[in-house]
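Working notes, structure below.
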Amino acid sequence: MKKIISSIIAISLLANVATVGAFANEGLQKSTPANSYVKNVDKADSEQDDEPISEKNDIIYGDLNGDKKVNLQDVVELQKYIAELVKLSEDALKASDVNLDSKLNLEDVTTMQRYIAELIPQLPYNNGSSSTTDTEDTSSDAENTDTEDTLSDKVNTDTEDTSSDTEITDTENTDTEDTSDDEVDYKLNSTRRLLRTLIETIQSEINDEIGYYYTEESYKSFKEYYDKVKDYCDSYDKDEYKDYDINQLLSLYAQLKLLYDDLELTKLGELRRLLDEIYVSQVLNNPYCEYISLPMYTEEAIKNLSTRWNKAMSDYGAFQDGNYDEDKVNKVIEDLEDAYYNMEYTPPAELSMMLSDLANETEWGHKYTDDSFKVFSDTYKKAMDLISDDSRIVPREEYDAMWEELSEAYYDLEPSAKGRISDIYGMFIYGEDDFCHSFYTEESLAVLEKLCLFYKDNMNKLTDEQLEELADSMEEAYYSLEPSTFSTAFDMVDYGRYTLDEQDYYTIESLAAFKTAYYALYDFIVNPGKYSDEEVEILISDLDECLGNLEETPFGLIDTYSSYLLAFKDLNEEEIDMYTKDYIEKVNTLTEKIEAYLDDPSSVSKEDEKKLADALVELIDNEEYSPYGNLYNVLSYVEGYILDESESSIYTEESYKKLCDLFEEASGMISDYKNYTDEQLTEMEEKLLEAVDNLEVTPIGNLMQLCFAGNMLIGMNAIEPICVEESMEKLIEVLEEAEEYLNGESEITDEKTSEFVEKIEAAINEVEFTMEYALAIAQEFIDSVEEHYEIMKESDSTEWVEAFDKLKALLEDPENTTSREIIELVDILYNLTQESGILENLTDYTPDKAIVELNKLDL
């Protein structure tokens, strides 16, 4: 456990209470409310104990469980009620209406979360003014339009009845109704723009003069369709674009892009395109750097490229008679690419190019914080002064140092709130970076649309704090956009077409099923209007299943994995020494056979082809490392997962220092491994692994690991419900207390730490997994090891066979067992299987994280 968890303890510490709350909420909500825009920061329940809670008719608003507090547990209860998972008492129902609108919905959840996060003063709270028994005291708050509270109220003006509408209502800005159709109909406008951008991109690269670059068949079908789409787009009038159907525009875009991507260059066309690219780029003329009158490339690089380009032009002329060998053309292309793509720049060239690339950033100071932009601007000016200095010869080292400094200043630029907002606003309104509204669901776009229009109408009225809040909300909405069915279907078809190009890789039976599913979904791309969303979901699911069920032929396996063998030819001496001499000999022998087979697959019988494929897979799955290679791998593991500043607080000083000392000693041996015997390298490997195993966890380290394990379980449950929600409440509560303790100002003692360890261990043990989840992972594991049952039975592995039989019996009749008993039995069988060595052959099975982590905690 310590080896896996300790490397990411820092992340779990940063997660604190807000993470636990977010996981819990995410797992219970059916969907994100369309008007919940302000990012809420959960606060520990204990901090709310002394907060004023308004009472009306003996009702404590927000207190659903009757504990006289308003905290995360109450929010969870209300979410479960809205999701129809629980029933509430009459008093709890009254206490739930915290915005006094006589409805219980996600607006009430949001209001409670805002109260817990101290964004509103008290409950109940409605439309920017608190509704208490004494409303006069809060009148001044309602009039203040520049506080954090009013930002949420301005954005969240829609009630539940209008939350699904795309129309924007704002109490202070009534001019949105006068917005032109061109501005409001983002979906249609962005789809038209997307298609037009594709046409212009293709137009700049394709014309009749270069059509011969491509195979006749692929270019003819593409060109005919391209001309049709271009004429169609040129024909419509801007004022009448709303007469055009979005589905038709999406279909035109999808088919045109697929045809364009499928254009197949001939070998001669590939060579001609490379020759043209080099000529047009002006590289042969050695252009000057933008900011200095010096050449971009070294004389040697230009001379080498010119020689190869002239030779390639001569060869191209000779190839045009049509009688050419493709291998010769490939050789010419490889030589020319080697010279072109490995051009050596002059010392100031790289700095000059960076200055050119970053020139625009100097004009966008508002996008970044003042401090970070000042550092960047000063560094940029310093670099400009250096590159313009004609009074001396600047050494290469100085240019390199300046390049590093400028790079660091650029990557250290911190986006300001306005910058973060303007980036997303620009993409949404203007469709930057191929942002197309048709590629996302209307529900998820509605959230982002309201935020963008709210910003448009209020950009000059918001305080810095409100801008930060709005930026967080817009980023959350942007990264929560859900792909539309058309977008998902198009991606599946676009991915699947590569399978059609590699039909020899798959068996006839599996390929036939794939083709049926592929062309069925492709018909939706061509005719999106005739399918319902439910029908498209089925088509997508069918194609996804067929892709997963594709079976590779021996040829497919060999061609796919042969690159592994070929890579050994490029390994340097140190990399080769990572493997045993016997293994390298096996690689070389098999490489010769594979290369001969790929040159002429028909020369090998089907039986030998299968043997060759099996030998290749076996060789890759069973790498044999030398003592040097084993030590190198262990060092990489220790350095990547153990030796981190955050680890020093997890392990005792003595055990951690011993590991660090051994690591330094082993690193010295690796750097001079040729002067050590195999026995010495193996001995050091064993010492290093022993030091890792002997790392002693401190009490605080044990608590941090448990917090991580608990948060991981909560996170897994949020992604896909695997636990009974009621059983998670105690774990969430204890984790909140423990993380508050770790991050708080109170003194950390071993006694308190041990108490929290016991509490979390007990809470994890009380978590109840759903029966559906337990049965699913049990069946998955049984399916993975069932083929080894007879072997284990014959080898007298009695304990394994008994555990397997018992688990299978439980799957057939699970009524008299619990989910935890099933999971624990899976855990036992997994450990027995791992000890037997069977798992080395189970490449498709990954044991469930919850089981493995709970097992390693010895709970």
Side-chain angles (χ1 to χ4, degrees), residues 205 213 265 267-317 319 327-362 376 379-413 563 566-576 671:
E205 297 183 11
Y213 284 4
L265 278 167
K267 282 299 175 185
L268 202 57
E270 191 176 340
L271 175 57
R272 181 67 206 189
R273 169 158 287 191
L274 180 59
L275 289 166
D276 290 347
E277 180 185 340
I278 295 173
Y279 181 80
V280 172
S281 68
Q282 296 292 312
V283 172
L284 294 172
N285 295 330
N286 202 359
Y288 289 152
C289 300
E290 182 167 348
Y291 298 110
I292 49 177
S293 299
L294 292 173
M296 288 284 289
Y297 307 98
T298 63
E299 292 183 6
E300 184 179 353
I302 290 296
K303 182 178 180 181
N304 183 36
L305 179 62
S306 298
T307 301
R308 297 196 187 189
W309 189 86
N310 289 327
K311 182 181 183 303
M313 279 294 293
S314 176
D315 291 337
Y316 174 76
F319 293 147
D327 289 339
K328 291 183 178 179
V329 181
N330 279 332
K331 183 65 170 63
V332 174
I333 292 173
E334 289 174 4
D335 289 344
L336 191 56
E337 285 179 338
D338 180 63
Y340 179 49
Y341 295 127
N342 294 296
M343 298 283 288
E344 183 180 0
Y345 294 103
T346 56
E350 289 183 347
L351 181 58
S352 176
M353 287 189 296
M354 177 176 285
L355 287 168
S356 177
D357 291 340
L358 300 181
N360 289 335
E361 299 299 330
T362 61
F376 168 74
T379 309
Y380 186 91
K381 184 178 182 302
K382 182 180 175 183
M384 285 291 293
D385 292 341
L386 175 65
I387 210 166
S388 304
D389 188 358
D390 297 330
S391 62
R392 63 190 179 95
I393 298 177
V394 180
R396 177 65 184 252
E397 293 76 14
E398 196 168 340
Y399 280 120
D400 291 343
M402 190 69 254
W403 190 92
E404 293 289 344
E405 186 178 348
L406 185 58
S407 297
E408 184 178 353
Y410 172 67
Y411 287 116
D412 285 345
L413 280 170
S563 58
L566 298 177
F568 273 83
K569 292 184 176 181
D570 298 326
L571 296 182
N572 59 40
E573 184 180 3
E574 289 183 2
E575 292 168 332
I576 285 290
S671 61

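Here, residue 1 is the first one in the sequence, and each next residue gets the next number.
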Inset, instruction - Apply side-chain contact (heavy atoms from CB on, under 4.5 Å) to Arg272 and Met313, showing your working. - result: CA-CA 9 Å; Arg272 181 67 206 189; Met313 279 294 293; 4.2 Å; yes
If I take atom [atom1] from residue [X] and atom [atom2] from residue [Y], how far apart are they, to the nearest 0.5 angstrom?
{"X": "Glu334", "Y": "Leu336", "atom1": "CD", "atom2": "CG", "answer": "11.0 Å"}
{"X": "Glu270", "Y": "Asn330", "atom1": "CD", "atom2": "CG", "answer": "7.0 Å"}
{"X": "Leu355", "Y": "Leu386", "atom1": "CG", "atom2": "CG", "answer": "9.0 Å"}
{"X": "Thr379", "Y": "Leu406", "atom1": "OG1", "atom2": "CG", "answer": "6.5 Å"}
{"X": "Glu337", "Y": "Ile278", "atom1": "CD", "atom2": "CD1", "answer": "8.5 Å"}
{"X": "Tyr340", "Y": "Trp309", "atom1": "OH", "atom2": "CH2", "answer": "12.5 Å"}

So which heavy atom on [X] is nearest to which on [Y], and how close?
{"X": "Asn572", "Y": "Glu574", "answer": "OD1-N, 3.1 Å"}
{"X": "Val329", "Y": "Lys267", "answer": "CG1-O, 3.6 Å"}
{"X": "Tyr345", "Y": "Arg396", "answer": "O-NH1, 4.1 Å"}
{"X": "Tyr399", "Y": "Leu351", "answer": "CD2-CD2, 3.8 Å"}
{"X": "Cys289", "Y": "Ala349", "answer": "SG-CA, 3.7 Å"}
{"X": "Pro348", "Y": "Ile387", "answer": "O-CD1, 3.7 Å"}

Tell me whether the count of non-hydrogen atoms from other residues, nucleotides or ligands lying under 6.0 Å of [atom1] in [X] goes above 12.
{"X": "Asp385", "atom1": "CG", "answer": "yes"}
{"X": "Tyr411", "atom1": "OH", "answer": "no"}
{"X": "Glu408", "atom1": "CD", "answer": "no"}

Inset, instruction - If the plane angle is over 60° it's perpendicular, under 30° parallel, otherwise tilted; pick one for Tyr410 and Phe376. - result: tilted
Inset, instruction - Can you sort out the partners of Lys328 under side-chain contact (heavy atoms from CB on, under 4.5 Å), two or more places apart, ordered by chain and number? - result: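 For Lys328 the side-chain contact (heavy atoms from CB on, under 4.5 Å) partners, ignoring immediate neighbours, are Phe319, Asp325.
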Legend entry - Salt bridge Asp327-Lys331, side-chain N to carboxylate O under 4.0 Å: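 Between Lys331 and Asp327 there is no salt bridge, as every charged N stays at least 4.0 Å from the carboxylate O atoms.
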Legend entry - Main-chain N/O of Ser391 paired with Asp389 side-chain donor or acceptor, under 3.5 Å: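 Yes; at least one donor-acceptor contact below 3.5 Å.
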Legend entry - Backbone of Met384 reached by a side-chain donor or acceptor of Ser388 within 3.5 Å: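 Judged by distance alone, yes, a pair lies under 3.5 Å.
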Please tabulate, for side-chain N and O atoms in residues 296-306, each donor-acceptor pair with protein atoms closer than 3.5 Å (sequence neighbours left out).
{"from": "Thr298", "atom 1": "OG1", "to": "Ala301", "atom 2": "N", "distance (Å)": "3.2"}
{"from": "Asn304", "atom 1": "OD1", "to": "Arg308", "atom 2": "NE", "distance (Å)": "3.3"}
{"from": "Ser306", "atom 1": "OG", "to": "Ile302", "atom 2": "O", "distance (Å)": "2.9"}

